[in-house]
Amino acid sequence: MAAKKHETEVEGGGRFDAVLEHILIHYRWVFVLLLLPLSLVYDALLYVRTWVVFQLSSAPGKHALKVQRVADQVKQWKAEGGRVPMCTARPTWQTMSFRHSNYKKTFFTVNLNLVDILELSAEKRTVRVEPLVTMGQLTATLDPLGWTLPFVPELDDLTVGGLVMGTGVETSSHKYGLFQHICVAYELVLADGSTVQVTKESDPDLFYAVPWSYGTLGLLTAVEIQIVPALRFVKLQYDPVHSLDEAVAAINRLLALQDNNEFVEALMFSKDEGVVMTGNMVSCADWGKLNEIGRCYKPWFFEHVRTFLKTGPAVEYIPLRDYQHRHSRSLFWEIKEIIPFGNNVLFRYLFGWMTPPKVSLLKLTQTQAVKKLYENNHIIQDMLVPIETLKDAVLFFDKEVEVYPLWLCPFRLPSEPGMLQVPKDSMYVDIGVYGVPGKQGFQPKETTRRIEAFVAKAKGFQMLYADTYTTREEFRKMFNHSLYDKVRARLKCEKAFPEVYDKVCRKARD
Ligand SMILES: Cc1cc2nc3c(=O)[nH]c(=O)nc-3n(C[C@H](O)[C@H](O)[C@H](O)COP(=O)(O)OP(=O)(O)OC[C@H]3O[C@@H](n4cnc5c(N)ncnc54)[C@H](O)[C@@H]3O)c2cc1C
Ligand SMILES: NC(=O)C1=CN([C@@H]2O[C@H](COP(=O)(O)OP(=O)(O)OC[C@H]3O[C@@H](n4cnc5c(N)ncnc54)[C@H](OP(=O)(O)O)[C@@H]3O)[C@@H](O)[C@H]2O)C=CC1
Ligand SMILES: CC(C)=CCC[C@@H](C)[C@H]1CC[C@H]2C3=C(CC[C@]12C)[C@@]1(C)CC[C@H](O)C[C@@H]1CC3
């Protein structure tokens with residue numbers, strides 16, 4: 001009798017769990033709607049904090065003191081015997097990496113209160129910033145001053161530190177390269193507690209080893225980044241293409257005319273249909289063609305782009321900052337999985353001003369059921385492959401996952417020492433795959449393993465904010481570790497920081 005009662009209770013519990021899981025998966029938007037005002041409050045608090053610091057004019061003046069505090073923590077780690085390696089104390093839910101980093105629970109965590117823009121030099125054409133400065137914060141500060149970054153990686157909350165230690169790519173990357181290629185100096189606190197300023201000239205080994213090192217050579221405390229003059233608008237040309245060959249030919253043609261286009265990007269909506277976009281900054285707009293896509297009641301940018309498949313080529317003038325953050329409001333196209341009716345005109349007018357929900361809050365409040373759902377039915381990957389392999393790569397992704405839109409973003413990869421070594425300056429393309437696979441039989445690990453093998457064979461690279469299932473040997477083959485190993489030995493990093501692989505591999509992330 002008791003056993004029967006227990007069975008019924010277990011059954012009842014199981015049914016309750018199943019119902020709860022169903023609600024959490026299919027009605028996640030209800031919870032997300034609650035997150036929207038929270039996201040606003042969170043942003044407002046950050047804004048007030050920055051404003052107060054500015055009113056006190058204290059941010060640049062206090063930098064040296066803040067760096068000293070970082071160095072003191074490293075010295076404390078040493079004094080305590082350096083039993084476990086160090087990492088930053090930034091909570092893993094706040095980061096833009098797709099998963100949570102397990103190591104944050106056990107490592108010695110170093111607090112970096114480094115959130116300010118330090119100095120703008122019009123003469124040197126650089127801006128010096130602390131590593132927790134975000135892309136949104138930078139464009140809001142620089143654009144009105146008539147300056148901007150050569151390119152602004154989306155999304156708004158990406159940090160300079162994360163983009164240096166990982167990487168960043170955007171639509172001017174075909175001209176300027178990856179985020180590391182627009183950085184001219186790094187300030188780091190090393191494993192021995194010393195602080196160094198590093199440039200190409202002062203210490204080329206360390207300068208080239210820092211990008212893609214994921215905080216495993218030292219703690220970054222400031223970065224000097226190139227800036228370029230900002231004009232008010234981007235004149236954007238939309239050219240629909242109706243076959244993959246047409247798309248590849250159009251991109252190659254545009255790249256050949258490199259200096260004529262500041263921005264080059266394509267969205268493929270199927271393997272045979274897409275829209276290629278090219279743009280330049282301009283100071284005046286044709287007001288009849290002005291489109292302020294950043295306004296909260298405007299359609300999601302990728303849906304707007306899709307309309308040109310039907311209407312044909314067109315030109316629009318977009319305010320610079322709206323262009324730089326065009327995919328932010330729809331989290332590229334991930335938002336359609338989170339708020340399915342978010343592009344409805346009524347929703348946009350009523351609630352658009354509260355969107356997007358903050359990625360960090362989405363991560364923080366993600367339930368096990370949603371995590372499992374993303375684990376088994378979702379792919380988020382960026383693969384960097386030589387432009388010559390673009391057609392094969394799109395066909396391969398189509399065969400394996402069939403996820404659209406597909407983001408195509410060409411970038412220049414100079415032949416330089418470091419993790420991404422190529423024999424000569426080359427043109428690559430970032431293929432961004434974000435969404436629910438249309439292909440039956442998607443198996444996250446097996447499918448990603450096949451994609452990784454394709455990318456390795458094409459002499460490409462995997463972006464490491466997402467899941468990597470490569471083995472240590474495969475990882476070392478994809479990313480050249482010779483300079484990295486040399487610098488790690490020189491700076492005595494072995495006990496102080498783990499290897500990159502141990503921070504980014506699937507085992508290290510939950
Ligand atoms: C090198 C430099 C030093 C500055 N020093 C000061 C100062 O001492 N006092 C002052 O009032 N303003 C300072 N500013 C900010 C500048 O005055 C404003 O960003 C700009 O004039 C736009 O003002 P706004 O009111 O239109 O923008 P707002 O909307 O007020 O600010 C733009 C956004 O950028 C953020 N932001 C701007 N600058 C920084 C920064 N340095 N660090 C972190 N977040 C930032 C703000 O939080 C806000 O979100 C500085 C800017 C730079 C580039
Ligand atoms: N448009 C684009 O190019 C996009 C890029 N991304 C990716 O997102 C990631 C950036 O996200 P974000 O949340 O900003 O960064 P994260 O906090 O995720 O940091 C990424 C890595 O950089 C290390 N790191 C960050 N700051 C420092 C520092 N000051 N000193 C030492 N190490 C540091 C972190 O180390 P630790 O683990 O110790 O904290 C971590 O290993 C990048 O990997 C980027 O490639 C994502 C979306 C779009
Ligand atoms: C342009 C490049 C190089 C990358 C863009 C990547 C983004 C599409 C992803 C980066 C972080 C991702 C997260 C999610 C969606 C896709 C990203 C924005 C979620 C919001 C998906 C829903 C989950 O519950 C939380 C995820 C957090 C990270």
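Note that the structure is a prediction, hence the values are computed from the model and not measured. For ligands, and for the atoms within them, numbers begin at 1 and follow the listed sequence.
Contacts between M463 and ligand 3, counted as non-hydrogen atom pairs separated by less than 4.0 Å, involve the side chain only. At a 4.0 Å heavy-atom cut-off, ligand 2 touches P131 through the side chain alone. With a 4.0 Å cut-off on non-hydrogen atoms, Q366 touches ligand 3 through its side chain and not its backbone. Under 4.0 angstrom from ligand 2, there are no non-hydrogen atoms of L132.
Counting heavy atoms only, G162 comes closest to atom 42 (C) of ligand 2 of the residues A466, G162, G432. Closest to atom 13 (O) of ligand 2 by heavy atom, among M96, H327, E130, is M96. Between the choices Y214, F151, F98, the shortest heavy-atom distance to atom 43 (O) of ligand 2 belongs to Y214.
Distance check on atom 48 (C) of ligand 2: some protein heavy atom falls below the 4.0 Å cut-off.
For atom 32 (N) of ligand 2, the closest non-hydrogen atom on the protein side is G215 CA, 3.2 Å. With respect to atom 44 (C) of ligand 2, the closest heavy atom belonging to the protein is T167 O, 2.9 Å. For atom 29 (N) of ligand 2, the closest heavy atom belonging to the protein is L220 O, 2.9 Å. In terms of protein heavy-atom proximity, atom 20 (C) of ligand 3 is nearest to L362 CD1, 3.7 Å. In terms of protein heavy-atom proximity, atom 2 (C) of ligand 3 is closest to Y434 OH, 3.3 Å. Ranking the protein heavy atoms by distance from atom 46 (C) of ligand 2 puts L158 CD2, 3.6 Å first.
The number of heavy-atom neighbours closer than 6.0 Å to NZ of K459, taken from other residues, nucleotides and ligands shown, is 12 or below.
Residue R90 has at least one nitrogen or oxygen atom sitting less than 3.5 Å from a nitrogen or oxygen atom of ligand 2, judged on distance alone. Taking any N or O of K503, backbone or side chain, at least one lies under 3.5 Å from an N or O belonging to ligand 2.
If you look at F411 and H174, their ring centroids are not closer than 6.0 Å.
Using a 4.0 Å cut-off between a side-chain N of Lys or Arg and a carboxylate O of Asp or Glu, D203 and R490 qualify as a salt bridge.
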